[in-house]
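Have a look at the structure below, then the notes.
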Amino acid sequence: STMSFSEAEVQSARGAWEKIYVDAEENGTTVLVRMFTEHPDTKSYFTHFKGMDSAEEMKQSDQVRGHGKKVFGAINDMVQHLDNSEAFLGIVNPLGKKHATQLKIDPKNFRIICDIILQLMEEKFGGDCKASFEKVTNEICTHLNNVYKEEGW
């Protein structure tokens, strides 16, 4: 399953991503805090976030901040390889495998995170920014779901 991004799509997706990635820790934290607040069941996967109820408390947490940064770092690696399926899958596959087998994260959570990222892009930078990144999030989620299927989910 190769990816079909035109050169123009790659460039505009990277441009959109750069805007939000400049502040990776802050924006990554915002995305996770929103996910935990709007979908409290997602907190159950993170033992150290379980007791945190207020968004303010989560925002201050080093673990939340660290994981937000990690999520954004992984997406950033993928965005750098949109024009190279092999390299892209080299990042997505181990990530999916780890979340499926070791962490046993429900794959629907990837879609939730991606949707929140798109929402944040739209709020901060407008609809065009969001639109140029939508295809990337679909691609990421599709490939992660494929890994899950291979792992027997």
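This structure is a prediction, so every number in the text was calculated from the model and none was measured. Count residues from 1 along the sequence.
Between Phe46 and Phe36, the ring planes lie perpendicular to each other; the angle is over 60°, past the 30° to 60° tilted range.
Rounded to the nearest 0.5 Å, atoms CE (Met121) and OG (Ser132) are 7.0 Å apart. Between the CG atom of Asp106 and the NZ atom of Lys104 there is a distance of 13.0 Å, given to the nearest 0.5 Å. Gln119 contributes atom CD, which lies 11.0 Å from atom OG1 of Thr30 (distance to the nearest 0.5 angstrom). For the atom pair OG of Ser54 and CE of Met52, the computed distance is 8.5 Å after rounding to the nearest 0.5 Å. Atom-to-atom distance recorded for Thr37:OG1 and Leu32:CG is 10.0 Å, nearest 0.5 angstrom.
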Worksheet item: What's the verdict on side chain to side chain contact (heavy atoms under 4.5 Å, CB included) for Gln60 and Glu56, showing C-alpha distance, side-chain angles and the deciding distance?
Response: CA-CA 6 Å; Gln60 304 306 320; Glu56 216 29 66; 3.2 Å; yes
Worksheet item: Given Glu26 and Val31, is the side chain to side chain contact (heavy atoms under 4.5 Å, CB included) satisfied, shown in steps?
Response: CA-CA 9 Å; Glu26 204 48 52; Val31 167; over 6 Å; no
Worksheet item: Should Asn27 and Leu120 be marked as a side chain to side chain contact (heavy atoms under 4.5 Å, CB included) after you check the CA-CA gap, both sets of side-chain angles, and the distance that decides it?
Response: CA-CA 8 Å; Asn27 288 323; Leu120 191 62; 3.9 Å; yes
Worksheet item: Can you check salt bridge (charged side-chain N to carboxylate O under 4.0 Å, His left out) on Arg34 and Asp115, steps first, answer last?
Response: CA-CA 11 Å; Arg34 258 185 215 188; Asp115 286 344; over 6 Å; no
Worksheet item: Should Trp17 and Ile75 be marked as a side chain to side chain contact (heavy atoms under 4.5 Å, CB included) after you check the CA-CA gap, both sets of side-chain angles, and the distance that decides it?
Response: CA-CA 9 Å; Trp17 174 249; Ile75 295 173; 3.6 Å; yes
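By the neighbour-count criterion of 12 heavy atoms within 6.0 Å, atom CD of Glu86 is sparsely surrounded, having that number or fewer from other residues, nucleotides or ligands. The environment of Asp128 atom CG is sparse: at most 12 non-hydrogen atoms of other residues, nucleotides or ligands sit within 6.0 angstrom. Within 6.0 Å of atom NZ in Lys135, more than 12 heavy atoms from other residues, nucleotides or ligands are found, so the atom counts as buried in its surroundings. More than 12 heavy-atom neighbours from other residues, nucleotides or ligands sit within 6.0 angstrom of NZ on Lys108.
Two residues are said to be in side-chain contact when any heavy atoms from C-beta on lie closer than 4.5 Å; His99 and Asn109 fail this criterion. Using a 4.5 Å cut-off on side-chain heavy atoms (C-beta onward), Glu139 and Leu82 make no contact. Annotation: side chain of Gln11 is in contact with side chain of Glu7 (closest heavy-atom distance under 4.5 Å).
No path of Ile, Leu, Val, Met, Phe, Trp and Tyr side chains, each step under 4.5 Å between heavy atoms, connects Val22 with Ile116, placing them in separate hydrophobic clusters. Ile91 and Val147 sit in two unconnected hydrophobic clusters of ILVMFWY residues. Membership requires side-chain heavy atoms under 4.5 Å apart, directly or through other members.
Judged by distance alone, with hydrogens and angles left aside, the side-chain atoms of Asn76 form no donor-acceptor pair with the main-chain N or O of Phe72 at under 3.5 Å. A side-chain donor-acceptor contact under 3.5 Å links Arg14 to the backbone of Val79. Checked by atom type and distance alone, the side chain of His39 never pairs as donor or acceptor with a backbone atom of Met35 at under 3.5 Å.
For the residue pair Ile117 and Ile20, the shortest heavy atom distance occurs at O-CD1, 4.3 Å. Considering all non-hydrogen atoms of both residues, Ser4 and Glu9 come closest at O-OE1, 3.6 Å. Met58 and Val64 get closest at one heavy-atom pair: O-CB, 3.3 Å. Across Ala13 and Val136, no two heavy atoms sit closer than the pair CB-CG2, 3.6 Å. For the pair Glu134 and Leu118, the tightest heavy-atom approach, listed with the atom from each and the gap, is CG-CD1, 3.5 Å. Looking at every heavy atom in both residues, Phe88 comes nearest to His143 through CE2-CD2, 3.6 Å.
Salt-bridge annotation for Lys69 and Asp62: absent, with no side-chain N of the basic residue lying under 4.0 Å from a carboxylate O of the acidic one.
For an aromatic pair to be called close, the ring centres must be under 6.0 Å apart, and Tyr148 with Phe110 satisfies this.
Of the candidates Asn146, Ile140, Thr142, Ile140 is the only one forming a side-chain contact (heavy atoms from CB on, under 4.5 Å) with Leu144.
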